[in-house]
Amino acid sequence: MTGGIGSGKSTVAGRLAEHGATLIDSDKIAREVVAPGTPGLAAVVDAFGDGVLAPDGSLDRPTLAQRVFADDSARVRLNQIVHPLVGARTAELTAEAATDAVVVHDVPLLVENGLAPRYHLVLVVDAPEPDRIRRLVHDRGMTESDVLARIAAQADDGRRRAVADVWLDNSGTPDQVLATVDDLWADRLVPFEANVRLRRMPDRGGPKLVPYHQSWPAEAERLIARLRLAGGSLVSRVDHIGSTSVPGLAAKDVIDIQVTVADLADADALTEPFVGAGFAPLPTYTRDTPHPQDVDPEHWRKRMVANADPGRWCNVHIRADGSPGWRVALLARDWLRAEPGPRADYLAAKEAAADTTRTIGDYADAKQPWFHRSYGEMEAWATRTGWQPG
């Protein structure tokens with residue numbers, strides 16, 4: 001959980017704690033690691049001098065804040081001291097949480113420090129800047145100039161929206177935001193935790209097409225960032241594929257992502273890292289439907305995981321670099337992006353499949369004849385345009 005200063009994170013955090021969440025407050029930990037007598041405080045004094053100490057020997061936080069929020073290099077130096085200490089203590093507290101806990105990290109500088117891909121879900125608490133200024137001046141006794149300096153030093157709304165799986169508007173009454181948190185807890189966080197722990201994907205229902213969403217590419221990028229971090233050196237590239245990667249094309253509200261690995265042994269090695277990143281293994285989905293002229297269906301082997309988050313359907317196809325299924329996934333995407341005629345034809349096939357099937361498996365099977373008759377046209381387009389994967 002993150003948000004700008006004065007956005008009301010404490011209100012949201014308090015409600016989540018009432019529901020039973022294990023709350024880890026980064027600001028609280030940041031104070032603990034520079035308490036009197038700690039190595040952290042000694043390092044801060046060494047970097048900034050005795051002038052940042054209060055008469056009782058504790059850290060004079062307002063004085064230090066004035067220095068670092070007016071000087072980028074000073075802020076970086078302070079972060080280099082405090083952030084590793086906070087990270088180590090956070091890891092300790094997370095490890096102590098119950099196995100079925102919903103652990104909420106309240107991290108004010110999550111965006112600024114590039115931490116979003118490390119979490120299963122990022123919740124951003126937001127409020128209009130005038131409301132934030134008013135709260136901080138009235139409730140904390142800060143001056144307006146100090147508040148504006150703090151806001152300027154933090155990430156803007158655009159950067160926060162880019163990492164937000166949930167954008168919580170805290171511009172209304174306390175009852176309104178608390179009701180929103182209650183719904184989030186019951187409908188998303190609790191089932192998400194259970195799905196991760198039990199290694200299962202949520203119930204997705206039947207095939208239903210929806211109009212193209214402008215948010216799909218950004219949602220895919222957030223998931224790609226998690227997969228890249230979890231996969232490490234085993235992953236050579238990650239791509240948004242499938243219908244949601246084609247602007248303007250109606251689709252099921254599901255993000256399809258292709259993870260490229262050297263071979264299927266590496267794909268198998270990614271199962272546990274991806275489960276740790278919030279995905280569920282799908283061991284039965286190991287083969288694409290091959291091209292009808294392919295005499296070796298083993299060429300079409302793959303592995304799959306699915307996002308365990310009930311609020312965002314995502315299928316992850318893990319394929320070997322250069323394999324037929326890997327190539328077709330990229331070729332079909334780029335061809336449909338470039339060619340309005342095939343795009344309209346594919347939409348018609350999708351609509352017919354959705355109208356005549358009730359399960360996702362049957363829907364996928366009903367679309368296969370379109371792919372089989374389209375392979376030749378795709379390849380002709382690739383030859384004509386000089387297309388290459390990536």
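The chain is numbered in sequence order, starting from 1.
Residues V107 and V86 do not share a hydrophobic cluster, clusters being chains of Ile/Leu/Val/Met/Phe/Trp/Tyr side chains in contact below 4.5 Å. Side-chain heavy atoms closer than 4.5 Å link hydrophobic residues (I, L, V, M, F, W, Y) into clusters, and following such links, even through other members, never connects V103 to L189. V316 and W313 fall into different hydrophobic clusters, defined by Ile, Leu, Val, Met, Phe, Trp and Tyr side-chain heavy atoms under 4.5 Å apart, directly or through other members. Cluster annotation: V125 and I5 are assigned to distinct hydrophobic clusters (Ile/Leu/Val/Met/Phe/Trp/Tyr, side-chain heavy-atom contacts under 4.5 Å, transitive). Neither I255 nor L249 shares a network with the other; the hydrophobic side chains, linked directly or stepwise wherever heavy atoms of I, L, V, M, F, W or Y lie under 4.5 Å apart, form separate groups for each.
Side chain of R337 to main chain of A332: no donor-acceptor pair is present (N/O by atom type, distance under 3.5 Å, no hydrogens or angles). A donor-acceptor pair is defined here as one N or O able to donate and one able to accept, closer than 3.5 Å; no such pair exists between the side chain of R301 and the backbone of L264. The backbone N or O of V33 sits less than 3.5 Å from a side-chain atom of T38, completing a donor-acceptor pair. Looking at S58, its side chain never comes within 3.5 Å of a backbone N or O of P36 through a donor-acceptor pair. When atom types are taken as modelled, the side chain of D165 and the backbone of V122 share a donor-acceptor pair closer than 3.5 angstrom.
Ring pair Y119/H105 is perpendicular by interplanar angle, where above 60° counts as perpendicular and below 30° as parallel. Between W381 and W387, the two ring planes are tilted [angle within 30° to 60°]. Note: W216 and Y212 have perpendicular aromatic rings, judged against thresholds of 30 and 60 degrees for the angle between ring planes.
Taking the ring centre of W167 as origin, the terminal cationic atom of R161 falls inside the region bounded by 6.0 Å and 45° from the ring axis. Cation-pi geometry between R77 and F48 is satisfied (NZ or CZ under 6.0 Å from the ring centre, within 45° of the ring normal).
Inter-residue side-chain proximity for Q258 and R333 is flagged as unmet; no heavy-atom pair is nearer than 4.5 Å. A 4.5 Å side-chain heavy-atom check between T22 and V104 finds every atom pair outside the cut-off. Using a 4.5 Å heavy-atom cutoff, the side chains of E112 and R75 are not in contact. Side-chain contact check for D25 versus I29: every heavy-atom pair is 4.5 Å or farther apart. A heavy-atom distance below 4.5 Å is not found between the side chains of V166 and V124. The side-chain heavy atoms of D256 and V254, taken from C-beta on, include a pair separated by under 4.5 Å. The shortest distance between side-chain heavy atoms of T260 and W326 falls below 4.5 Å. D131 has its side chain within reach of S171: a pair of non-hydrogen atoms, C-beta onward, lies under 4.5 Å apart.
Atom OG1 in T90 sits 6.0 Å away from atom CD1 in I24 (nearest 0.5 Å). To the nearest 0.5 Å, the span separating OG on S374 from NZ on K367 amounts to 11.5 Å. Taken to the nearest 0.5 Å, the CG atom of L41 stands 14.0 Å off from the CD atom of E32. Between M201 atom CE and F279 atom CZ the span is 12.0 Å, to the nearest 0.5 Å. Annotation: the span from E92 atom CD to E96 atom CD amounts to 7.0 Å, rounded to 0.5 Å. Going from atom CD of E219 over to atom OG1 of T244 covers 9.0 Å, rounded to the nearest 0.5 Å.
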For D309 and H120: C-alpha separation, side-chain torsions, deciding distance, then whether side chain to side chain donor-acceptor pair (under 3.5 Å) applies. CA-CA 8 Å; D309 178 5; H120 293 152; over 6 Å; no
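Between the side chains of T180 and D183, no donor-acceptor pair of N or O atoms lies under 3.5 Å. With no hydrogens or angles considered, no side-chain donor-acceptor pair links D175 and T173 at under 3.5 Å.
Taking 4.0 Å as the cut-off between side-chain N and carboxylate O, D126 and R160 do not count as a salt-bridged pair. Salt-bridge annotation for E272 and R199: present, with a side-chain N of the basic residue lying under 4.0 Å from a carboxylate O of the acidic one. Salt bridge annotation for R343-D345: absent, with no cationic side-chain nitrogen under 4.0 angstrom from a carboxylate oxygen. For the pair D253 and R312, the salt-bridge criterion is met [side-chain N within less than 4.0 Å of a carboxylate O]. Between R197 and D100 no salt bridge is recorded (no basic side-chain N to carboxylate O distance below 4.0 Å). Classification of R150 and D146 as a salt-bridged pair holds, one side-chain N sitting under 4.0 Å from a carboxylate O. Here R327 pairs with E379 in a salt bridge; the nearest charged N to carboxylate O distance falls below 4.0 Å.
N170 pairs in a side-chain contact (heavy atoms from CB on, under 4.5 Å) with only one of the listed residues (K9, R132, R135), which is R135.
Of all heavy-atom pairs between P310 and R188, the closest is CG-O, 3.7 Å.
Atom CZ of R358 has 12 or fewer heavy atoms from other residues, nucleotides or ligands within 6.0 Å. By the 6.0 Å contact criterion, CZ on R118 is open, its count of non-hydrogen atoms from other residues, nucleotides or ligands being 12 or less.
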